[in-house]
Amino acid sequence: MKCPKCGRSNREEAIYCGGCGIKLRDISQDSSSLENTEVDIEAPKPPEERSKLVVISSGRSYELMNLTINLIGRRSPRDGIYPAIDLTEDDPERTVSRKHAQIDVQRGPRYFIKDLGSSNKTFVNGHPLEPNVPQMLNNGDEVRIGKVIARFIIPGR
């Protein structure tokens, strides 16, 4: 299923776009029942700014989805792996594991990153993370996932 907003290809059963996070379909409604349904059109709301990782080398920005857990890695359709933060395009050397790390969003909001036992490790501000031990993220922290270096940005901070 192609996202109408960002053009990313998503799995047919996807509810949200893995690229920009917009809702692709409503699981409570069957698409065939929408054909003759009247739709109220309202003015678009300004997009809500989300926390993100910005890759230093490419400038590519990866917004955290509105999820408690945001998986970071490389997509693998064969294995059914579609990370919320898909670094495939920024990792030509394939140093990022398919399931490399994750960012957990907690109330506050507070952000924690943890390495998921990856081969090439995860670093925050140059310090390697112990596997499965959460490390708090702050605005401006440098995060290295394999050889991909990014800056963690929290809007408004």
Side-chain angles (χ1 to χ4, degrees), residues 1-28 45 47-157:
M1 174 181 296
K2 191 170 184 176
C3 176
K5 180 179 176 189
C6 71
R8 178 183 175 139
S9 294
N10 294 278
R11 294 178 302 193
E12 285 302 318
E13 65 273 11
I15 298 169
Y16 295 95
C17 174
C20 65
I22 71 162
K23 196 169 193 175
L24 297 172
R25 66 186 182 98
D26 188 348
I27 60 172
S28 67
K45 296 177 184 173
E48 181 181 309
E49 264 197 285
R50 297 183 185 149
S51 296
K52 58 190 166 191
L53 282 176
V54 179
V55 176
I56 306 282
S57 62
S58 69
R60 199 173 278 123
S61 178
Y62 297 93
E63 290 186 345
L64 271 62
M65 300 295 111
N66 288 332
L67 306 169
T68 305
I69 297 172
N70 291 266
L71 178 64
I72 303 169
R74 284 186 299 112
R75 71 178 163 273
S76 175
R78 183 184 62 192
D79 298 319
I81 299 170
Y82 298 91
I85 299 172
D86 181 358
L87 296 176
T88 304
E89 303 303 318
D90 283 297
D91 186 37
E93 295 180 47
R94 298 174 65 157
T95 62
V96 175
S97 301
R98 288 175 186 88
K99 294 181 179 180
H100 195 104
Q102 70 185 37
I103 295 178
D104 300 338
V105 182
Q106 296 184 1
R107 286 196 175 147
R110 294 182 346 185
Y111 304 89
F112 293 86
I113 188 169
K114 69 179 171 183
D115 184 88
L116 298 175
S118 66
S119 300
N120 293 312
K121 302 192 181 210
T122 303
F123 296 78
V124 174
N125 298 323
H127 302 287
L129 301 183
E130 291 293 322
N132 297 305
V133 177
Q135 165 73 42
M136 189 168 179
L137 281 173
N138 296 298
N139 186 44
D141 280 349
E142 181 183 278
V143 178
R144 181 162 61 96
I145 300 137
K147 289 186 178 179
V148 178
I149 300 172
R151 180 90 42 217
F152 183 69
I153 306 295
I154 303 171
R157 292 193 192 173

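It should be emphasised that the depicted structure is a prediction, and the values quoted were computed from it without experimental measurement. Residues take their numbers from the sequence shown, with the count starting at 1.
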Q: Specify the closest pair of heavy atoms between Ile113 and Ala101, including all atoms of both residues, with the distance to one decimal.
A: CG1-CB, 4.5 Å
Q: Could you check if a side-chain atom of Phe152 sits within less than 4.5 angstrom of a side-chain atom of Val124, using non-hydrogen atoms only?
A: no
Q: Rounded to the nearest 0.5 Å, what's the gap from CZ on Arg50 to CD1 on Ile154? Could you check?
A: 15.5 Å
Q. Do you know which two heavy atoms are closest between Tyr111 and Pro109, and how far apart they sit?
A. OH-CG, 3.5 Å
Q. When rounded to the nearest 0.5 angstrom, what distance separates OG1 in Thr95 from NZ in Lys121?
A. 14.0 Å
Q. Do Ser58 and Asp90 have side-chain atoms, one donor and one acceptor, less than 3.5 Å apart?
A. yes
Q: Return yes if some donor-acceptor pair links the side-chain N/O of Asp115 with the main-chain N/O of Thr122 below 3.5 Å, else return no.
A: yes
Q: Grab the two heavy atoms, one from Met136 and one from Asp141, that are nearest each other, plus how far apart they are.
A: O-OD2, 4.1 Å
Q.
For the CG atom of Asn120 and the NZ atom of Lys147, what is their distance to the nearest 0.5 Å?
A. 8.0 Å
Q) Closest approach of Gly59 and Val54, non-hydrogen atoms and distance? A) O-CG1, 3.9 Å
Q | Exceeds 12 heavy-atom contacts within 6.0 angstrom, atom CD of Glu130 | A | no
Q.
Could you walk me through whether Ile145 and Ile85 satisfy the side chain to side chain contact (heavy atoms under 4.5 Å, CB included) test, starting with their C-alpha distance in whole Å, then the side-chain angles of each, then the deciding distance to 0.1 Å, before giving a yes or no?
A. CA-CA 11 Å; Ile145 300 137; Ile85 299 172; over 6 Å; no
Q: Check for a donor-acceptor pair, side chain of Arg74 on one end and backbone N or O of Val96 on the other, with a separation under 3.5 Å.
A: yes
Q) With distance as the sole test, does Arg144 use its side chain to make a donor-acceptor pair with the main-chain N or O of Ile149 at under 3.5 Å? A) no
Q: Give a yes or no answer on whether the side chain of His100 reaches the backbone of Gly117 with a donor-acceptor pair at less than 3.5 Å.
A: no
**Q.** Side-chain donor/acceptor of Asp86 to backbone N/O of Arg75, under 3.5 Å
**A.** yes
Q.
Using every non-hydrogen atom in the two residues, find where Glu63 and Lys52 come nearest and quote the distance to one decimal.
A. CA-CB, 3.8 Å
Q: State, without any angle test, whether Asp104 and Gln102 hold a side-chain donor-acceptor pair at a distance under 3.5 Å.
A: yes
(Q) Rounded at 0.5 Å granularity, tell me how far CG in Leu129 sits from CG in Leu116. (A) 10.5 Å
Q: Flag yes if more than 12 heavy atoms outside Lys114 fall under 6.0 Å of its NZ atom; otherwise flag no.
A: yes
**Q.** Taking every non-hydrogen atom, the tightest pair across Ser97 and Ser119
**A.** OG-N, 3.8 Å
Q | Beyond-backbone contact of Val143 with Ile72, side-chain heavy atoms, under 4.5 angstrom | A | no
Q: Would you check if the side chain of Asn70 reaches a backbone N or O of Leu64 as a donor-acceptor pair within less than 3.5 Å?
A: no
**Q.** Rounded distance [0.5 Å steps], CG in Leu137 versus CD in Glu142
**A.** 12.0 Å
